[in-house]
Amino acid sequence: MAKKKIVLLDGNSLAYRAFFALPLLTNDSGIHTNAVYGFTMMLQNILSEEKPTHMLVAWDAGKTTFRHKTYGEYKGGRQKTPPELSEQFPYLRKLLDAYQIPQYELDQYEADDIIGTLSKIGNEKGDEVIVISGDKDLTQLSSNHTTVYITRKGITDIEKYTPAHVMEKYGIEPYQIIDMKGLMGDASDNIPGVPGVGEKTALKLLKEFGSVENVYASLDKVSGKKLKENLTENEEQAFMSKELATIEQNAPLTISLDELQYDGPNEEQVKAIYQDLKFKTLLEKMAPEEAGVLMEEITIQLIEDPSTIEFKDEMAIHIEMADVNYLDADLMGLSLSDGEKTYYIPFEHVRNSDQLKAYLEDGKKKKYASDSKALYASLFRYGIKLEGIDFDLLLGAYIGNPSATYTDVASMVKDFGYTNVQSDEVIYGKGAKKSVPDEQTVAEHAGRKAEAVWKLKDAVEKKLKENEQFDLYYELELPLAKVLGQMESTGVKTDLETLQQIGVELSARLSELESIIYEMAGQPFNINSPKQLGEILFEKIGLTPIKKTKTGYSTAADVLEKLESEHEIISYILTYRQLGKLNSTYIEGLTKEIHEDGKIHTRFQQALTQTGRLSSINPNLQNIPIRLEEGRKIRAAFVPSEPGWLMFAADYSQIELRVLAHISQDEKMIAAFREDADIHTKTAMDVFGVDKDGVSSDMRRTAKAVNFGIVYGISDYGLSQSLNITRKEAGKFIDTYLASFPSVKQYMEDIVADAKMKGYVTTMMNRRRYLPDIVSSNFNLRSFAERTAMNTPIQGTAADIIKKAMIDMDKRLKEEKLETRMLLQVHDELIFEAPEHEIEKLQEIVPEVMESAIKLDVPLKVEWAFGKSWYETK
DNA sequence: TGAGCAGCG
DNA sequence: TTTAGCGCTGCTCAC
C-alpha cells in the first residue's frame, strides 16, 4: 500500500494561537470570528502545501485528565478561556465537519496524547507524519518519520522541528525534551521543575548527563553548590515534572489510522459556513471553480460580410486571440459592441474587408478597447493602422488598482463588480488541456468582452475623475499605448552572426573554466546547481558558509566574493557564473527571439509595475548587459534595420535624484543640480565635511551608495550590505547625510506619515500606489511599506517623466517629418534608429524634448550618443 | 512550480 | 532583538 501522509493538528492550541494572533474581528452578525478565520487560513495553507492523505484534529477533553492524579495543580492557575474564544469553538467544529476532517477527543486525555499515540502508530508503519501545534512540548515527538510544525508569530509562519532541528536549536535529542521540562518546568502548564533551573542550566545538565535519571545518579559530579542543593531538595518534583511533560503514546484510542483518510472538503457546506461567517475573501477564492454559472444571455451576430455592420461613432472593440503574445498570436476574430448590438467577425473576414479596414483607420470613429496596445500591434501585422482609440479598459483598471494582476478581461472587470464575462481559463482551459472550443463559444466570449468594455467605460472614468487621474489616463497612458505599439511593431534589428561569434568564444571559455573548476574540486559536478556547488565548497573543500538560504548554503555572488581570498576556485566559479549567464540568457535566449524579419520584437507591459515603470518581456530588452565589458559586447548585435542608418541613444542623467531634489525642495540639492555639480562628489563633501579636492574616490563611492540608498528608502542594514561595512557605520553615514540635507529628512518623514493617513502615495502626475501594510503590526511588512512609500513617488515620477517624453518625442518626430524611429525605452533611456543625415537634428531635438517633458525646480539633463550599433552609443 | 541566482535601471 | 535596500525578467535546477 502507498505510504500515507498524516497531518495531526492540535485543535485547542491552534485555536488559541489564531485567537491571540489576530485582532478581535467581528462580522455583521456580531459573532467573533478571528480564531475561526485564522484557523481556516492555516488549514488552507497546510492542505495546499502538504496535500495530506490522512488528517485529524485532536481536542482536549474536559477539565480533568490522568495527569491531575499525578499532580492536582497541573495546569492550575490558568486564565479562563476568554468567552470571545469559547463562542467560536462550535463554528470551528462545524467548519472542520464541512471540510470532512475527522475530529477526536478522549476522556481523561489531552490532544497531545492522541497525537502522540497516532504518530507512534504511523511511525511504526513507516508513514510520514506531520504534527502541528502552537505548543513546543510536542517537539518531543519529532523523529525520522515525524516532523513537528510549531507556529511562530502569527499563524502562517511555521517552524519545522525535525530531530536535526531540535539538535541544532537545543543541542539535545527530541526524547530529551521531557528531561528538559522535568528540570526547568513549564510555567504555562504549572509544571514546577527544579527551582533555580532554567533552560540554560537544564540543557547544560542534559548535555553532560543525558537524562534526569542520570543527573541524579551522578549528583556528586554536578558543579555548583546551590544547584546541587536545589536538585537534591526537589528530586521527587523533578521526576514528577518529567512524567507530566511526557506525552502518552499508548492512549486507549477508539479510532484507527484508516479512519483518518482525507478526501477533500464538501464545498457546498464549506461555502455555506463562509457565507454564514461573512468570510468574503475566502468565498471569492472558491468562486473560480463555479465560474460559468449566472452568465447573462447574450446575442451575438456572427458576421461574414462586414459591410452589413452598422459602424457607429462610438463602439467597443476587441480582438480575440489564441495566445497572450499579440505580436505573433493567431488572431481568431474581432468583436464589436455598441451596447445594443454585438458582433463577432472571424478574422479571415476582417483581413479581407476594405470596409472594416476603413472603419478601423478612421480616427473620427471612436473606439473603446480592452487592451489598445495589443490592438494597434496585432492589426499592424495586417497593414491596418488603427486610429480613433479613445478608451482602454486595461489601462483604466491598472491606474485604479496597480497592484492587481490582470490576465484577461474577466480579471479587469471584476474590480468593478462586473461578472458577465468568463475568464479565459474557463473557455480555453489551462496547461496541457488548453484548446480552442467551437466558433460559437469563442464568438460569445469575445462578444461579452466587447460588451463589458462598453458597459464599464463610465464606471472607469468616474473613478478616474474621483481620484483626479483623468489627465494621467488621457494625456499620458492612453497616448503612450499607441507609441509603444509602434515601437513593438517596429522591433530592433539583431545581427545573428555577432551573437553567434560571441557565443563561440563564450562556449570555449566556459569549457576551459569547467575543467579548471572540476580539477580544483577534485570531481566533476554541476556548477549551475547551487545545491551541488554548496556541497563542494562548504563540505568537500571546507570553506566557512557565510549565509544560509531556506534550502541550504547560499552561494550568491556577494557571499562568494567574501570567500575569494580563501580558495582560488572561487574566482573561477564567479567567472563561470557570469559567462554562463551571458551564454544562456543572452546568446541562446536572444537568438531564439529573432523573427523572420531579422528583428527582435519585445513587448512592453504597460499595466504591470507598482510604480508606473514599464517592463519588457519576450524577450526582456531592458536588461541587456552593460556593466561589464564582456557582457556589454552583446549590444553590438543590436543594429539599425536600414543600411546607412545609425543607432542613437539618450538618457536622463540622475533623474531620480533630481526628482528627489524637486519633491523635497532641499535647497542644497537643488543648488547642486542648478550649477550642474557632480552630485555624488557634492554629497561626499557634505557627508565627510571636506572640500572638493578633499573628496577621495572612496568617499565618492560611499556617497553614491548613500544616494542610492536614500532613493530606495534607506535602512542602515541595506547600506551596510552594499558598502560592506558595519551597520553602525552605515547608520552614521545616514544620520550625517540626513543632517546635511534636512529637507530630504523631512520629506521621508512626511511621506510615511502621509501614507499612513491616506493609505497610498502618489507621483507628480497623480499615479497612486496603495500601501495597506504601512499600518501593519508586523515589523517586516510595515518597514517594507515605509521604504516603498519613500521610493515610489521618486521612481514613479521618473517613470511619468520619461513616458511624457516618449509621447512628445513621437509627436515631434512626426512634425519634423523625420524617418527616425523610436525603438526602446530602458527606464531612463530612449533608443532610436535614424538615417545618418537626421543625426544632427536628433542631437538637437532629443535632448530638448526630453529635458522639457516636465518642469521641475531643477533642470533635467540628457546625455546622448550614436554609433553603428547599440554598443557604440556610449 | 518555486527557489536561487544574475542581468538591467 | 530572529527583521532588513527599490523596481523588474529569465534561466537552471530540483521537486
Side-chain angles (χ1 to χ4, degrees), chain A residues 48-49 152-153 157 159 169 402 431 525-534 547-560 573-574 576-590 592-593 602-605 608-628 630-632 634-635 651-652 654-656 660 705-723 727 730-731 734 769 778-796 798-799 802 824-829:
Chain A
S48 67
E49 274 170 33
R152 254 191 306 219
K153 267 185 226 161
D157 190 8
E159 189 169 7
K169 199 153 168 163
F525 65 101
N526 188 340
I527 308 167
N528 283 323
S529 158
K531 187 164 168 259
Q532 292 185 33
L533 179 60
K547 215 165 53 178
K548 272 191 174 176
T549 65
K550 279 182 199 164
T551 51
Y553 310 107
S554 168
T555 65
D558 62 321
V559 171
L560 296 189
I573 288 169
L574 286 168
Y576 181 90
R577 278 244 182 98
Q578 187 201 326
L579 301 184
K581 171 82 176 176
L582 292 179
N583 204 34
S584 64
T585 304
Y586 298 103
I587 301 300
E588 291 171 5
L590 289 177
K592 278 185 229 153
E593 300 283 354
T602 185
R603 275 180 301 141
F604 292 103
Q605 306 226 91
L608 185 138
T609 70
Q610 306 296 299
T611 56
R613 273 189 174 184
L614 300 175
S615 84
S616 156
I617 55 165
N618 303 125
N620 182 352
L621 292 185
Q622 289 181 323
N623 71 344
I624 305 301
I626 188 166
R627 292 175 191 165
L628 300 167
E630 279 155 315
R632 190 175 197 151
I634 307 271
R635 295 183 170 224
D651 70 289
Y652 282 110
Q654 309 291 358
I655 189 166
E656 291 187 336
L660 174 62
V706 176
N707 275 330
F708 268 104
I710 291 294
V711 169
Y712 291 155
I714 204 154
S715 74
D716 49 4
Y717 177 82
L719 185 66
S720 73
Q721 289 294 300
S722 78
L723 284 174
R727 246 174 87 168
I734 295 168
R769 179 173 188 178
N778 178 317
F779 177 87
N780 286 337
L781 291 178
R782 189 177 65 247
S783 302
F784 187 73
E786 287 170 357
R787 290 194 298 275
T788 311
M790 301 184 230
N791 169 261
T792 296
I794 301 172
Q795 195 185 110
I802 194 165
L824 296 173
Q825 186 250 46
V826 192
H827 308 308
D828 62 355
E829 180 183 14

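Below, read A as the first sequence line, B as the second, and so on, with proteins coming before strands; counting in each chain starts at 1.
- A/E159 meets the side-chain contact (heavy atoms from CB on, under 4.5 Å) test with A/R152, A/Y161, A/H165, A/K169; sequence neighbours excluded.
- A/I734 places its CD1 atom 11 Å from the C1' atom of C/dA4, with the value rounded to the nearest Å.
- Every residue was checked against the salt bridge (Lys or Arg N to Asp or Glu O under 4.0 Å) condition with A/R632, not counting sequence neighbours, and none meets it.
- Taking atom P in both B/dG4 and C/dG5, one finds a spacing of 14 Å when rounded to whole Å.
- For the salt bridge (Lys or Arg N to Asp or Glu O under 4.0 Å) test, no residue two or more places apart in sequence or in another chain qualifies with A/K548.
- Between the C1' atom of C/dC6 and the CD1 atom of A/I710 lies a distance of 13 Å, rounded to the nearest Å.
- Taking the side-chain hydrogen bond (donor to acceptor under 3.5 Å, both in side chains) definition, one finds that A/Y712 meets it with nothing, sequence neighbours left out.
- Across all strands, A/A557 comes closer than 4.0 Å only to sugar-phosphate atoms, never to a base (heavy-atom distances).
- Neither OP1 nor OP2 of C/dG7 sits under 4.0 Å from any side-chain N or O of A/R613.
- Residues of residues 713-722 of chain A having a heavy atom closer than 4.0 Å to DNA chain B: none are found.
- Interface remark: the A/R727 side chain does form a donor-acceptor pair with the C/dA4 base, using a distance-only criterion of under 3.5 Å.
- A distance of about 16 Å separates the P atoms of B/dC5 and C/dA4, rounded to the whole Å.
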Base contacts versus sugar-phosphate-only contacts with protein, heavy atoms under 4.0 Å: please encode nucleotides 8-15 of chain C as B, S and - from 5' to 3'.
SSBSSSS-
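- With sequence neighbours excluded, no residue satisfies ring-ring contact (aromatic ring centres under 6.0 Å, His included) with A/F708.
- Contact of the A/E593 side chain with the A/L621 side chain is not registered, since no non-hydrogen atoms from C-beta on lie closer than 4.5 Å.
- Of all nucleotides in DNA chain B having an atom under 4.0 Å from a heavy atom of chain A, the first and last in 5' to 3' order are B/dA3 to B/dG9.
- Not counting sequence neighbours, the partners of A/R769 by the side-chain hydrogen bond (donor to acceptor under 3.5 Å, both in side chains) test are A/T792.
- Under the side-chain hydrogen bond (donor to acceptor under 3.5 Å, both in side chains) criterion, A/Q605 pairs with no residue at all, not counting sequence neighbours.
- A/R627 comes within 4.0 angstrom of a base, heavy atoms only.
- Between A/E656 and A/R613, at least one side-chain N (NZ, or NE/NH1/NH2) sits under 4.0 Å from a carboxylate O, which counts as a salt bridge.
- The side-chain hydrogen bond (donor to acceptor under 3.5 Å, both in side chains) test applied to A/Y586 returns A/N623, not counting sequence neighbours.
- Every residue was checked against the salt bridge (Lys or Arg N to Asp or Glu O under 4.0 Å) condition with A/R603, not counting sequence neighbours, and none meets it.
- Atom-to-atom, CG of A/N780 to P of C/dT2 comes out at 12 Å; the value is rounded to the nearest Å.
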